[in-house]
Amino acid sequence: MDFAPGVQIVARILVVEDSPDNMKLFRTLLTLKGHEVTGLPGGEGLLETIARTEPELVLMDIQLPGKDGFALLAEIRESPHGGLRVLALTAHAMSGDRERALQAGFDGYITKPIDIRSFPETVKRALAGETVSH
Ligand code: MN
């Protein structure tokens, strides 16, 4: 799919992220683009939240207390929501996580700290079906 630069895609997006500062940043940037954001600080209640909010995209931190992003992706893939688009949020210092994320079945990854200028466009491309690696 190809979208003209000015065309907005507005979506419901679930962000799973344990850092309050990062969550606030994601929420701000996504809300500015008109997206409807639900946030979770970890995996507790994940499948219930997906069932209730019906997101089009999940942004999943890899490093979480308790179950990590890989374990939570596996839970999503084994659930009735297995076809959901899920992007990994990987830490810049953990370069091995990026390749591992694609191998594990994430629909791409975004590296933190994020580039706030390109982030909205990256999300838009992910919503359009691209595998993003940024
Ligand atoms: Mn984290």
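On a predicted model such as this, the values are computed, not experimentally measured, just so you know. Throughout, residue positions are numbered sequentially from 1 according to the sequence presented.
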| remark: One should read off an interatomic distance between L89 CG and N22 CG, to the nearest 0.5 angstrom, of 8.0 Å
| How far apart are the closest heavy atoms of V132 and A126, and which atoms are they? | CG1-N, 3.9 Å
| remark: Shortest non-hydrogen pair, V10 vs G34, comes out as CG1-O, 2.9 Å
| request: Could you tell me which non-hydrogen atom of P113 sits nearest to which non-hydrogen atom of H92, and how far apart they are? | output: CD-CB, 4.1 Å
| query | Can you tell if the side chain of V123 reaches within under 4.5 Å of the side chain of H35, non-hydrogen atoms only? | reply | yes
| said: Is there a side-chain contact between R98 and T111 in this structure, where contact means two heavy atoms from C-beta onward sitting under 4.5 Å apart? | reply: yes
| message | Are V15 and M23 packed together at the side-chain level, in the sense that at least one heavy-atom pair is separated by less than 4.5 angstrom? | response | yes
| message | I want to check something: taking the side chain as every heavy atom from C-beta on, are I114 and T122 in contact at a cut-off of under 4.5 Å? | response | no
| task | Would you please name every residue forming a side-chain contact (heavy atoms from CB on, under 4.5 Å) with A71, sequence neighbours left out? | result | K67, D68
| Side-chain ion pair, R77 and D107, N-O less than 4.0 Å | yes
| query | Is there a donor-acceptor pair closer than 3.5 Å between any side-chain N or O of R85 and the backbone N or O of E130? | reply | yes
| remark: Using a 4.5 Å side-chain heavy-atom cut-off and chaining through intermediate ILVMFWY residues, the residues clustered with L84 come out as L14, V16, L40, L46, L47, I50, V58, M60, I62, L64, F70, L72, L73, I76, V86, F106
| task | Answer yes or no: is there a side-chain heavy-atom contact under 4.5 Å between Q63 and K112? | result | no
| query | Any side-chain heavy atom of E56 sitting closer than 4.5 Å to one from L127? | reply | yes
| Rounded to the nearest 0.5 Å, how far does CG of L87 lie from CG of D61? | 12.5 Å
| ring pair (Phe, Tyr, Trp, His ring centres under 6.0 Å) partners for Y109, two or more places apart | none
| Any donor-acceptor N/O pair, H134 side chain to I110 backbone, under 3.5 Å | no
| message | So does E54 get a backbone contact from the side chain of R12, meaning a donor-acceptor N/O pair under 3.5 Å? | response | yes
